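In what follows, a single structure is set out as structure tokens and then discussed.
Fair warning: this is a prediction, and the values are worked out from it, not measured in the lab. These numbers come from the heavy atoms of this one structure, side chains and all, not from hydrogens, waters or symmetry mates.
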Amino acid sequence: MKKSSVITIGAACFVGVLAALQADHFLLRKEDTPTVTFGPASRIIPAAYDGPAPIDFRLAAKKMLPSVVSVDRFDRVGFMANDSTVQETASGSGVIVSADGLIVTNNHVVARAAEVQVRFPNKQTMPAKVLGTDPRFDLAVLKVDAKGLTPIEMGDSSALEVGQWVVAVGNPLNFDQTVSVGVVSSLGRSLGVEQGYLTDAIQTDAAINPGNSGGALADAMGRVVGINSAIASTSGGSIGIGFAIPINRVKSVVSQIVKRGYATSAGLGISFRPQLIGVLASDDARSQLRDLAGAMPPNYGIIIDQVTPGSSLDQAGMKQWDVLLAVDGVKTDTPLPLNQVLNTKKPGDKVTIRYWSKGEEKSASVALTEIRDQ
């Protein structure tokens, strides 16, 4: 039986990971540049306080601004190779992490770009080399040929608390060196985004808009605690629900990329087709999979497309069209809970999997495989 029968039902029966939440990556594309309308001036009356004035963020801003840059991506535009040109197509943000030119940003800001340029606070522009990327955590490391840069001060994301003040700095809507302030709204958020999944993210109500991708989220002392990566929005603009990648995870990924040229994470050694996520909720889809797998499958789980030869799951007997049901007791009805479990593990760690194969539910203890995240 051809694989196309299952692919066909996938398009009709796809179920989103978070149907009630639109989580958008927020890279600012050139065609999205806003227009500005000037209103009449108004008389501003200074606020009066009976007690001490609110916390002041000037120190944090002064510390952060020299370390946050704009990241411009250029893509090849044109249908024919000999007739194409390289044009700037979008912009995001980046954070200087070393004096000799290492800059961290989001993977989706620079992925598959023909060229990348960095604009510094003094308006100087330099070409940047992409040292490595980690799509799984939406991170990328750039290198510019410069010395004496001002690296941002590192904080500790594990020490964050809900309600704590945070400061976001970036290039929203092409207004570079923009500072916004809010609080940590929640911790440990996991959500589906445009190109994958974010797990253990920091949620904040600091204003974050297109162009903030890859910028800094810092505490009130100007110590970076996260890299801004996504917003939840019905309009594409800020509604006070933004998400950042914890800086402790960022530090680990950056260290791996600088040392090896790539980052690694723990995986099961399997692959699946995104268009088939959720199709097992459909009776018609399960009937078609029955013809391929030899028995009626369950109504949830991740349909396995390929198993890496020699991996633990291969040795455990898992095959194409089997269905992964749970890992370490966590139900894997979508890839999001699967990633939540795997992102806390290291290659070589053992997990217990439960899966369906040809009419039988089976369990196995397997060692996780090292996966190159690039």
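- A cation-pi contact links Arg249 to Phe137, judged by a cut-off of 6.0 Å to the six-membered ring centre and 45° from its axis.
- Contact record, Ala367 with Gly348: CB-O, 4.1 Å, taken as the closest heavy-atom pair.
- Interatomic distance, Lys251 NZ to Met154 CE, rounded to the nearest 0.5 Å: 6.5 Å.
- The closest side-chain heavy-atom distance from Val253 to Arg136 is not below 4.5 Å.
- Using a 4.5 Å heavy-atom threshold, the side chains of Gln164 and Val183 count as separate.
- Residues Leu368 and Leu324 fall within the same hydrophobic cluster, defined by Ile, Leu, Val, Met, Phe, Trp and Tyr side chains chained together at heavy-atom separations under 4.5 Å.
- Between the side chain of Ser312 and the backbone N or O of Val366 there is no donor-acceptor pair closer than 3.5 Å.
- Taking the side chain as every heavy atom from C-beta outward, Val69 and Phe120 approach each other to under 4.5 Å.
- Residues Leu342 and Ile371 form no side-chain contact, since every pair of their non-hydrogen atoms from C-beta on lies 4.5 Å or further apart.
- When all heavy atoms of Gly222 and Ile152 are compared, the closest pair comes out as O-CG1, 4.4 Å.
- A donor-acceptor pair is defined here as one N or O able to donate and one able to accept, closer than 3.5 Å; such a pair exists between the side chain of Asp138 and the backbone of His108.
- Between the side chain of Arg73 and the backbone N or O of Ala111 there is at least one donor-acceptor pair closer than 3.5 Å.
- Residue Ile247 holds its CD1 atom at 12.0 Å from OG of Ser158, rounded to the nearest 0.5 Å.
- The shortest distance between side-chain heavy atoms of Asp200 and Ser190 does not fall below 4.5 Å.
- Residues Ile202 and Val224 do not share a hydrophobic cluster, defined by chaining ILVMFWY side chains whose heavy atoms lie under 4.5 Å apart.
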- Query: Where do Val179 and Phe57 land on the side-chain contact (heavy atoms from CB on, under 4.5 Å) test, with the steps shown first?
  - Reply: CA-CA 9 Å; Val179 178; Phe57 297 96; 5.9 Å; no

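- Thr369 contributes no side-chain N or O that, together with a main-chain N or O of Ser311, makes up a donor-acceptor pair within less than 3.5 Å.
- Looking at Leu313 and Ile353, their side chains come closer than 4.5 Å, going by heavy atoms from C-beta outward.
- Pairing each heavy atom of Ala244 with each of Leu217, the nearest pair is CB-CD2, 3.8 Å.
- When the side chains of ILVMFWY residues are joined at heavy-atom separations under 4.5 Å, either directly or via intervening members, Ile103 and Val225 end up in two distinct hydrophobic clusters.
- Ionic pairing of Lys319 and Asp322 is not present here: no N-O contact between side-chain nitrogen and carboxylate oxygen is shorter than 4.0 angstrom.
- For the 3.5 Å distance criterion, the side chains of Ser282 and Asp284 fail to qualify, holding no donor opposite an acceptor.
- At distances below 3.5 Å, not a single donor-acceptor pair connects side-chain atoms of Gln340 with backbone N or O atoms of Thr199.
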- Query: Between Leu338 and Leu268, does a side-chain contact (heavy atoms from CB on, under 4.5 Å) hold up when you go through it step by step?
  - Reply: CA-CA 10 Å; Leu338 173 60; Leu268 287 170; 3.9 Å; yes

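- The pair Asp56-Arg58 meets the salt-bridge criterion, with a side-chain N (NZ, NE, NH1 or NH2) lying under 4.0 Å from an Asp/Glu carboxylate O.
- Residue Asn212 holds its CG atom at 11.5 Å from CD1 of Ile227, rounded to the nearest 0.5 Å.
- Heavy atoms only, all atoms of each residue included: Leu142 and Val116 are closest at CD1-CG1, 4.1 Å.
- When all heavy atoms of Ala207 and Ser238 are compared, the pair lying nearest together is CA-OG, 3.7 Å.
- With Thr308 contributing its side chain and Gly269 its backbone, the two residues share a donor-acceptor pair below 3.5 Å.
- Note on Leu187: it does not cluster hydrophobically with Trp165, by side-chain heavy-atom contacts below 4.5 Å among ILVMFWY residues.
- The main-chain N or O of Gly170 is never found under 3.5 Å from a side-chain atom of Ser93 such that the two would form a donor-acceptor pair.
- Of the inter-residue distances, the one linking Asp72 atom CG with Glu88 atom CD reads 4.0 Å to the nearest 0.5 angstrom.
- By the rule that hydrophobic residues join a cluster once side-chain heavy atoms approach within less than 4.5 Å of another member, Met221 and Val181 end up as members of separate clusters.
- Under a 3.5 Å cut-off, the side chain of Gln256 and the backbone N or O of Thr264 do form a donor-acceptor pair.
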- Task: Apply side-chain contact (heavy atoms from CB on, under 4.5 Å) to the pair Leu102 and Leu131, showing each step before the final yes or no.
- Result: CA-CA 9 Å; Leu102 287 178; Leu131 283 187; 3.5 Å; yes

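- For the atom pair CG (Asn209) and CG (Asn174), the distance works out to 12.0 Å, reported to the nearest 0.5 Å.
- Side chain of Asp219 to backbone of Arg223: a donor-acceptor contact under 3.5 angstrom is found.
- Taking the side chain as every heavy atom from C-beta outward, Thr344 and Asp349 never approach each other to under 4.5 Å.
- Of the possible donor and acceptor atoms, one in the side chain of Gln315 sits under 3.5 Å from a partner among the backbone N and O of Gly310.
- Counting heavy atoms of neighbouring residues, nucleotides and ligands inside a 6.0 Å radius, atom CE of Met296 exceeds 12 of them.
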- Item | Verdict with supporting geometry, Ile96 and Thr150, side-chain contact (heavy atoms from CB on, under 4.5 Å) | CA-CA 7 Å; Ile96 299 170; Thr150 304; 5.7 Å; no

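- Side-chain contact annotation: Asp75 with Thr89, donor-acceptor N/O pair under 3.5 Å present.
- Looking at heavy atoms from C-beta onward, Ile302 lies out of side-chain contact with Thr334 at the 4.5 angstrom threshold.
- Note: Ile208 CD1 to Ser229 OG = 9.5 Å, rounded to the nearest 0.5 Å.
- In plain terms, the two heavy atoms of Pro297 and Trp356 that are nearest each other are CA-CZ2, 3.5 Å.
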